[in-house]
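Read the structure below first, then the notes.
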Amino acid sequence: MEAFQLLSRGGARFDKQRFKSDVQLFNKGKISGGPSQTAEKMAEGDLPPELDFFKYVKGGTVKRKAENGSKQEEGDGNLAKRRKLDGDKGEDTGSEEEDVMVPAPPRHRVSTKGSNVPNHVDSFQELKDRYGLSSHLQTNLTKNGYTHPTGIQSYGIPILLESRDLAAISPTGTGKTLAYVLPILQSLGAPSSSSKSNAGSGVRALILAPTRELAHQIHNECLRMAEGRKWRIVLFSKATAATLADKNARDKVDIVISTPLRLVTSLQAGNLALNNVRHLVLDEADRMLDAEFLSQIQEVVAACSHPQLRKAVFSATLPAGAEKIAMEMLQDPIRVVVGLKDTPLPLIAQSLTYVSDEASKLPTLLTYFSQPYNPPVLVFVSSQPRASSLAEELVLNNIPNVDCLHAGMTKKEREDAVSRMRKGESWIMVSTEVMARGMDFKGVREVINFDFPTTVQSYIHRIGRTGRAGREGKAVTFFTNEDAPFLKTIANVLLQSGSPVADWILKLPKPSKMKRKAMGKVKRGDFVNEARRIGRGDAIKKR
DNA sequence: AAAAAAC
């Protein structure tokens, strides 16, 4: 309620004149569709993002430790299957963009590290030749439109098929789910329910994800790929957990997909045994290994007592701390990195928009939505109440088809919101970090960070909801004076992935210095003044 | 560094 009032007040206090120049200035790098994007960025004096990124991944500016057993190759990346954008949504976007073939994205460099790394494959056919990929899986691949393996698929799948532990780092929207689902299905053999199965009784594969929505999405992907076979693939929930309390039912299950706490609850109640699990996958691994989830994960890992247990972790980001924990958990692991670690796809045109203060955010957003945009748009905020109140505020301002999603909503409300999104009924989805990871909405072409993300990882995952499977995307991030301490860090991410950043932001002092300043007695206005002094906007001309 | 998410 408080947040609601705050936002409303903000509306009344908005001074268009005062902020107009800032907003225009920092929107300069925004895309206006397909081909013109490159031109605009060229005008800023930079290389086009593709080239810039390419140069970077070629190792030009990056310092890389030469380590033993490490090799780097050009992966085909294979987002390369370019096609027209789906463009079945957003009838008011009306531009030639829909009909234009965008240039092929950069091929991602793939680097692997570990002992006896299996060769990658260049096609799904090769998986059949080398590993006898079952014909029904091949059929389902074709049926679901998978024609060529992406980078992570062509490297990761052979590794998993050869029963090795794997740590996979690959950008958002590059097909990580299939990379672990396919090997699991291939190795299952006969369903547990069948008399032919001699693989012991009980769950043989376990996939963990941080949110219900993501678990649900993974479940769907499994079902699609398993079509035609009788495996029991269970999305763990209160309801399914109850049915599995019966050991006979439980023994017939082949794959379980769950969130950690749900699983631990059943484990502790003695309603679930994991001693037959051969494949354990942690999706969004860094999220799963951070403080709140870690003990739950450890409990699950401990319960997976089968000697043939193989583990794999997947994520788009893996900070050093999480990577260390992951590597210690794995046995003789192979590490695969596609592209540059902690760098978003260059396909996403990113920009930073200065909004002065909290109160100016809403008006800026309303202005944004009063101009043409490509629905559906995902808007991220920092808390549940802010999500509800912002959604409410947009509705009050007659913005059509606004939706909201956060973990404070009931299971059904959440499911409905996701399904509206999937059906294209939501034009604007206001959400918390729940939606930041893993969710694959192919239509999303714009992400707005209404509240500034608190970590680079959060930023990368949030904007990774767009630009998926080789499509273009756009990401706008609002920042206020209060966000100054973290601004430069995020700005470097933009820069690294080929999006233009205003000079003055790059000239900001080191984040640590800014942070100390922000924590001290320094008035917020100081940042603005300093920014002006350094050369942002018209103000400098007065000097 | 801190919130959100998991039940």
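Atoms considered below: every heavy atom in the structure, side chains included; atoms not considered: hydrogens, waters and symmetry mates. Lettering follows sequence order; numbering is per chain, from 1.
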Report the distance from atom [atom1] of [X] to atom [atom2] of [N], rounded to the nearest whole Å.
X	N	atom1	atom2	value
A:Arg437	B:dA6	CZ	P	13 Å
A:Phe452	B:dA2	CZ	P	16 Å
A:His406	B:dA6	NE2	P	12 Å
A:Met439	B:dA5	CE	P	14 Å
A:Phe380	B:dA2	CZ	P	22 Å
A:Asp451	B:dA2	CG	C1'	13 Å
A:Gln268	B:dC7	CD	P	14 Å
A:Met288	B:dA5	CE	P	15 Å

Determine the contact category for [X]: base if any of its heavy atoms lies under 4.0 Å from a base atom, sugar-phosphate if only primed atoms, P, OP1 or OP2 are that close, otherwise nothing.
X	answer
A:Pro210	sugar-phosphate
A:Thr455	base
A:Thr454	base

Does [X] make a side-chain N or O approach to OP1 or OP2 of [N] shorter than 4.0 Å?
X	N	value
A:Arg386	B:dA3	no
A:Thr432	B:dA5	yes
A:Arg462	B:dA3	no
A:Thr259	B:dC7	yes

Practice prompt. Report the relative orientation of the aromatic rings in A:Trp427 and A:Tyr373; use parallel for angles under 30°, tilted for 30 to 60°, perpendicular for over 60°.
Written response: perpendicular
Practice prompt. Could you check whether the rings of A:Phe479 and A:Phe452 sit parallel, tilted or perpendicular, using 30° and 60° as the cut-offs?
Written response: perpendicular
Response to the item:
Contacts of A:Asp290 and A:Ala407 projected onto DNA chain B by closest heavy atom; the upstream (5') one is A:Asp290
Discussion item. Whether the side chain of A:Thr240 engages the backbone of A:Leu235 through a donor-acceptor N/O pair (distance < 3.5 Å, no angle test) should be reported.
Written reply: yes
Worksheet item: Quick one: the side chain of A:Arg287 and the base of B:dA5, do they pair up donor-acceptor inside 3.5 Å?
Response: yes
Fill in: Residues that A:Asp254 engages under salt bridge (Lys or Arg N to Asp or Glu O under 4.0 Å), provided they are two or more places apart
A:Arg204
Worksheet item: Which listed nucleotide (B:dA3, B:dA6, B:dC7) is nearest to the side chain of A:Ser383?
Response: B:dA3
Worksheet item: Under the side chain to side chain donor-acceptor pair (under 3.5 Å) test, which residues partner A:Arg310, sequence neighbours left out?
Response: A:Asp165, A:Gln331
